[in-house]
Amino acid sequence: MITRDTKVGELLNNPIAKDVLSQLVQYAGVNEKVILNPIVKSLKLSAIPKFAGKAMPDADYVIDAMIDLFNQEADTKPLMKSNTHYWWKEAVVYQIYPRSFQDGNGDGVGDLKGIIQRLDYLKELGVDAIWLSPIFDSPNDDNGYDVRDYRAILPEFGTMEDAEELIRQMHARGMRLIIDLVVNHTSDEHEWFIDSAKNPQGEHADYYIWRKPKNGGHPNNWHSFFCGSAWEKVDSRDEEYLHLFSKKQPDLNWENPKVRDEVCDIIDFWRAKGVDGFRLDVINYISKTTLDNGSETLGSLLQFSGIEHYFYGKRLHEFLHELKRRAFGDAFTVGETPGTGPEMNKLLTADEREELNTVFSFDHLENHGKTRFDDYRYNLNHLKKTFSRLEGDYADYAWPSIFVENHDNPRMVSKINPNDEYRDIIAKLIAVVLLTARGTVFLYQGQEIGAVNVDFQDMSEMRDIESINKYDDLIACGKTPEQAWHAVLVGSRDHARTPMQWTDEKYAGFSEHEPWIRVGDKDVRNVAQQLKEETSVLRAYQTLIQLRKDHPALVYGSFEPHEAAKDDVFCYYRDDGNERFYIEINLCERAVKQPATKGEMELVYSNYMAQGDGLQPYETNIYRVQK
Ligand code: TEU
Ligand code: CA
């Protein structure tokens with residue numbers, strides 16, 4: 001049990017504390033080793049307030065909140081190692097953002113018929129499963145992550161018949177469908193919320209989180225991820241409702257068993273349709289341990305106050321276990337869990353826990369102390385460090401998800417190096433890191449042609465609510481339009497949401513009609529062009545996906561780092577006892593010395609046509625090691 005007399009050093013034996021301390025160090029941008037400093041380790045928690053002084057005015061509160069959080073797993077027994085085999089561990093999953101993939105009826109908006117048209121292309125690429133971002137009826141305040149009806153298809157995307165046809169066509173090709181379940185919140189136009197707001201005594205009265213204003217202000221100081229307070233008033237009820245995202249995304253009250261019944265029914269509905277799996281949107285936020293104010297110190301460090309009360313709530317495991325037992329069964333589940341650490345993720349996904357199959361961890365997406373809106377060059381040594389942890393000890397207990405792009409982040413190639421010269425070389429480096437990884441691989445549409453950030457000109461071209469609110473918030477905080485625009489341009493999610501570039505035609509073969517958002521550099525990179533080029537990024541993905549399918553060692557094999565202490569190179573072996581592979585990667589823009597290796601090796605893939613002395617900039621090679 002953690003108490004105020006516990007020393008910092010002892011905290012590292014507590015899984016939650018270990019995760020939280022490394023997250024806080026990551027956000028604060030201070031060197032991780034600070035926790036290992038003997039003086040810091042010998043400090044009792046009770047001494048920190050004095051020690052922190054003005055740096056942490058609410059230190060006493062933070063200490064108590066952390067002790068409560070750390071003791072959540074006080075009686076949790078250690079996990080056993082596992083090496084089970086499942087289809088979803090071997091699968092290459094392709095994420096589709098339906099609004100931007102393929103327009104099937106010429107209205108400039110992607111749709112289900114368009115996706116069906118492109119299934120053979122995905123089969124050809126070697127895709128085993130598709131994760132489909134939300135397709136449900138929605139007023140699209142957050143592009144479908146605000147669901148109005150979980151049992152209806154957004155009319156712009158098509159009909160329920162189209163969805164059933166998509167499932168049939170995918171299963172006919174041996175492909176599986178993973179749909180996006182957004183149940184931390186609904187749309188404020190969902191019938192549950194409309195009734196909850198209108199009838200405070202009605203059957204849906206307690207489906208959402210309503211609280212009375214406090215001292216003329218909001219019920220607490222929590223922030224929304226889309227800027228501003230996380231609380232909103234309605235006229236028909238003398239209370240405010242919680243919305244961690246936009247005002248049109250009220251949070252569901254998971255403490256209410258009827259809400260959990262509703263969610264199980266929705267899962268049953270789609271499983272009966274033949275859906276094979278679920279991606280669970282911000283699923284770690286569903287249990288709010290308390291609605292007390294958030295710590296100002298943590299709020300300014302983590303940019304969103306109150307998060308310590310809901311990013312790993314005390315009933316989270318209970319709720320997930322209940323969903324597994326009552327509804328998911330053997331359907332595949334991947335949770336989006338922003339803010340949770342490796343120890344928490346093991347407890348959320350280890351087979352013996354019967355909760356989720358895997359989660360998306362986001363620690364690798366930004367360098368130490370950086371956020372998505374900071375303008376900096378992504379250093380690949382950070383990817384090496386985070387993936388080495390995930391594919392090493394972590395994977396012995398829980399199966400990781402491996403990705404670098406999705407619909408919420410700019411393009412990775414551009415974050416690493418904006419210069420054209422190395423674009424395709426870097427895109428292929430990323431392909432090798434993903435497709436030789438120990439984990440389930442998730443690719444994002446466009447990544448397979450080496451998509452880069454879009455040269456948006458001004459705010460009129462932006463569509464994402466987060467970017468638009470961010471711009472207004474920065475202006476409101478006194479930034480100049482240039483400064484606000486620059487921040488949005490650096491970190492906007494819209495970079496990932498422009499139409500898929502199939503050809504160099506006017507609207508990139510995505511549509512005959514002007515799309516809902518502008519097109520990117522389709523003359524420079526598109527599928528049609530790259531299918532014809534042997535050395536294209538697309539052909540590299542096809543080759544590497546096939547290599548992964550043909551050699552289980554690249555999936556289930558052990559992960560053995562080589563010369564790990566050396567910066568700027570990422571080298572490792574994958575070995576399943578039958579076959580052994582060696583991967584060597586130059587993580588930087590200058591030539592580096594090639595780490596020495598032993599034994600005969602045959603080169604099976606390189607992102608360079610010819611090998612020189614040492615490793616050329618971003619050079620990436622895969623060898624089969626003679627046993
Ligand atoms: O995103 C949740 C999330 O935490 C973020 O990554 C988010 O995109 C943003 O960066 C907040 O700072 C999920 C979905 O992936 C995202 O598209 C939705 O906007 C969000 O939840 C709300 O449903
Ligand atoms: Ca359309």
Side-chain angles (χ1 to χ4, degrees), residues 95 97-118 131-136 138 140-147 153-159 162 180-188 223-228 230 243-252 279-286 302-304 307 310-311 334-340 359-363 365-366 371-373 403 405-410 442 444 463-470 473 488 491-497 499-500 507 510-517:
Q95 182 194 357
Y97 196 71
R99 187 166 279 277
S100 307
F101 192 62
Q102 178 65 64
D103 178 11
N105 66 347
D107 63 354
V109 176
D111 48 52
L112 297 179
K113 281 193 169 47
I115 296 172
I116 293 173
Q117 283 170 23
R118 296 294 182 178
W131 154 25
L132 197 48
S133 277
I135 56 174
F136 315 104
S138 165
N140 282 314
D141 190 53
D142 184 17
N143 284 5
Y145 282 92
D146 50 316
V147 179
I153 302 298
L154 179 72
E156 275 178 317
F157 289 168
T159 63
D162 293 330
D180 210 315
L181 192 63
V182 186
V183 287
N184 171 70
H185 46 266
T186 70
S187 165
D188 65 346
H223 283 127
S224 156
F225 285 98
F226 293 157
C227 301
H243 61 89
L244 291 179
F245 293 90
S246 86
K247 292 190 177 83
K248 290 183 66 60
Q249 290 170 297
D251 280 52
L252 281 167
R279 178 264 188 190
L280 298 144
D281 190 61
V282 281
I283 201 66
N284 61 312
Y285 293 170
I286 61 177
L302 306 172
Q303 297 186 338
F304 303 104
I307 198 163
Y310 61 77
F311 86 106
V334 52
E336 184 207 26
T337 58
T340 58
V359 292
F360 292 126
S361 161
F362 299 89
D363 299 348
L365 285 184
E366 305 299 338
T371 74
R372 179 155 46 91
F373 292 99
F403 73 102
E405 288 187 14
N406 63 21
H407 62 293
D408 287 338
N409 288 278
F442 288 82
Y444 180 66
R463 298 287 180 274
D464 174 25
I465 181 173
E466 184 196 52
S467 296
I468 293 164
N469 289 8
K470 179 88 177 170
D473 188 59
V488 167
S492 176
R493 307 188 299 179
D494 277 335
H495 284 298
R497 300 176 178 193
M500 180 64 181
Y507 298 128
F510 164 76
S511 178
E512 299 309 317
H513 183 287
E514 181 187 4
W516 67 279
I517 187 170

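Start at 1 and go down the list; that is how both ligands and their atoms are numbered. Nothing here was measured: the structure is a model prediction, and the numbers come from that model. The first residue of the sequence shown is numbered 1, and numbering continues consecutively from there.
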| request: Report yes if Tyr285 has an N/O atom closer than 3.5 Å to an N/O atom of ligand 1; otherwise report no. | output: no
| Can you tell me the protein heavy atom closest to atom 18 (C) of ligand 1 and the distance? | Asp142 OD2, 3.3 Å
| said: Could you identify the single nearest non-hydrogen protein atom to atom 3 (C) of ligand 1 and state the distance to 0.1 Å? | reply: Glu336 OE2, 3.7 Å
| Counting from 1, what ligand 1 atoms have a heavy atom of Arg372 closer than 4.0 Å? | 9 (C), 10 (O), 12 (O)
| remark: In this structure, atom 11 (C) of ligand 1 is nearest to the protein heavy atom Glu466 OE2, 3.6 Å
| field | For atom 20 (C) of ligand 1, the protein heavy atom that lies nearest, with its residue and separation | value | Phe245 CE2, 3.7 Å
| Partners passing ring-ring contact (aromatic ring centres under 6.0 Å, His included) against Phe311 (at least two apart in sequence or in another chain) | none
| query | Hey, does Ser224 have a side-chain heavy atom less than 4.5 Å from the side chain of Leu244? | reply | no
| query | Under 4.0 Å from any heavy atom of His185, which atoms of ligand 1 are there? | reply | 22 (C), 23 (O)
| task | Decide whether the shortest distance between a heavy atom of Phe226 and an atom of ligand 1 is less than 4.0 Å. | result | yes
| message | Looking at ligand 1, would Lys470 count as a contact under a 4.0 Å heavy-atom criterion? | response | no
| query | Would you call Asp408 and Arg493 a salt bridge, using N to O less than 4.0 angstrom? | reply | yes
| query | Of all the heavy atoms in Arg497, does at least one lie under 4.0 Å from an atom in ligand 1? | reply | yes
| Protein N/O/S atoms under 3.0 Å from the Ca ion (ligand 2): how many? | 5
| request: Could you name the option among Asp408, Asn406, Asp281 that has the heavy atom nearest to atom 17 (O) of ligand 1? | output: Asp408
| said: Only heavy atoms of Val282, strictly under 4.0 Å: list the atoms of ligand 1 that pass. | reply: 2 (C), 4 (O), 21 (O)
| Numbered atoms of ligand 1 (with element) below 4.0 Å of His407, judged on heavy atoms | 14 (C), 15 (O), 16 (C), 17 (O)
| message | Less than 4.5 Å apart, side chain to side chain, heavy atoms only: is that true for His185 and Leu252? | response | no
| remark: The closest protein heavy-atom partner of atom 8 (O) of ligand 1 is Arg493 NH1, 2.9 Å
| message | Over 60° means perpendicular and under 30° means parallel, so tell me whether Phe304 and Phe225 are parallel, tilted or perpendicular. | response | tilted
| When rounded to the nearest 0.5 angstrom, what distance separates CG in Leu132 from CZ in Arg279? | 11.5 Å
